Undergrad: 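Just passing along the structure, written as structure tokens.
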Amino acid sequence: QVQLVESGGGLVQAGGSLRLSCAASGSIYSINAMGWYRQAPGKQRELVATITRGGTINYADSVKGRFTISRDNAKNAVYLSMNSLKPEDTAIYYCNADILRAYSLTKSDYWGQGTQVTVSS
């Protein structure tokens, strides 16, 4: 019964900011990597940023210097602070987590339902 729930998406003008949040809940033993991916209409899902439990971070080149990923291990949460937003950032943003399930100790990749980010020009 593991689930990821995102929040914080919305409509913003170019140059504006948004902060996305994602919290994992359920029968979780541990979480290694967490991250954010996005998918624009007609395009494949792409990596935005990832962060390991130990704090190793990876950003897509298109968001370096503008987005910041962080996490709270105690809360099983990951965040994405987005600044200087551009119209090309418009997409559905998905939270992802590499989770080891409690009891069964089964490793699986979990996804949230997505949150829409729309940046107007």
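The shown structure was predicted, so the numbers you read here are calculated from the model rather than taken from an experiment. Count residues from 1 along the sequence.
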Undergrad: Provide the full list of side-chain hydrogen bond (donor to acceptor under 3.5 Å, both in side chains) pairs with a residue in residues 13-24, sequence neighbours left out, each pair given once.
TA: Ser17-Asn83

Undergrad: Thr90 side chain to Val119 main-chain N or O, any donor-acceptor pair under 3.5 Å?
TA: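 Judged by distance alone, yes, a pair lies under 3.5 Å.
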
Undergrad: In the structure I gave you, are the side-chain heavy atoms of Val12 and Thr118 within less than 4.5 Å of one another anywhere?
TA: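 Heavy-atom side-chain distance check fails, nothing below 4.5 Å.
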
Undergrad: So Trp36 and Glu6, do their side chains get closer than 4.5 Å, heavy atoms only?
TA: yes

Undergrad: Less than 4.5 Å apart, any side-chain heavy atom of Leu100 and any of Thr106?
TA: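 They are not in contact (no side-chain heavy atoms under 4.5 Å apart), so the answer is no.
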
Undergrad: What is the minimum heavy-atom distance between Ile28 and Ala24, and which atoms define it?
TA: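 Looks like CD1-CB, 3.8 Å.
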
Undergrad: Write out all pairs satisfying side-chain hydrogen bond (donor to acceptor under 3.5 Å, both in side chains) with one or both partners inside residues 40-60, taking only residues at least two apart or from two chains.
TA: Arg38-Glu46

Undergrad: Can you name the salt bridge (Lys or Arg N to Asp or Glu O under 4.0 Å) partners of Lys107, sequence neighbours left out?
TA: Asp98

Undergrad: If I take atom CG from residue Asn73 and atom OG from residue Ser30, how far apart are they, to the nearest 0.5 angstrom?
TA: 10.5 Å

Undergrad: Nearest 0.5 Å please: distance from the OH atom of Tyr93 over to the CE atom of Met82.
TA: 5.5 Å

Undergrad: If you look at every heavy atom in Leu4 and Gln113, which pair is closest and at what distance?
TA: O-OE1, 3.5 Å

Undergrad: Stepwise, does the side-chain contact (heavy atoms from CB on, under 4.5 Å) test hold for Tyr79 with Leu20?
TA: CA-CA 6 Å; Tyr79 311 94; Leu20 306 183; over 6 Å; no

Undergrad: State whether Lys86 and Asp89 are salt-bridged, where the test is any N-O pair (Lys NZ or Arg NE/NH1/NH2 against Asp/Glu carboxylate O) under 4.0 Å.
TA: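 Between Asp89 and Lys86 there is no salt bridge, as every charged N stays at least 4.0 Å from the carboxylate O atoms.
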
Undergrad: Measure the CD1-CG distance between Ile99 and Asn76 for me, rounded to the nearest 0.5 Å.
TA: 7.5 Å

Undergrad: Please determine whether residues Ile31 and Ile57 belong to a single hydrophobic cluster, defined as Ile, Leu, Val, Met, Phe, Trp and Tyr linked transitively by side-chain heavy-atom distances below 4.5 Å.
TA: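 Yes, Ile31 connects to Ile57 through the hydrophobic network.
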
Undergrad: Taking all non-hydrogen atoms of both residues, which atom of Val78 and which atom of Cys95 are closest, and how far apart?
TA: CG1-SG, 3.7 Å

Undergrad: Which residues satisfy the side-chain hydrogen bond (donor to acceptor under 3.5 Å, both in side chains) test with Gln3, sequence neighbours excluded?
TA: Ser25

Undergrad: My understanding is that only residues two or more places apart in sequence, or in another chain, count here; which of them pass ring-ring contact (aromatic ring centres under 6.0 Å, His included) with Tyr94?
TA: none

Undergrad: Looking at side-chain heavy atoms only, is the closest gap between Asn96 and Met34 below 4.5 Å?
TA: no

Undergrad: Which pairs count as ring pair (Phe, Tyr, Trp, His ring centres under 6.0 Å) when at least one residue sits in residues 95-121, sequence neighbours excluded?
TA: Tyr37-Trp111

Undergrad: Can you give me the closest heavy-atom contact between Ala91 and Ala40, atom names plus distance?
TA: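 Shortest heavy-atom contact: CB-N, 3.8 Å.
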
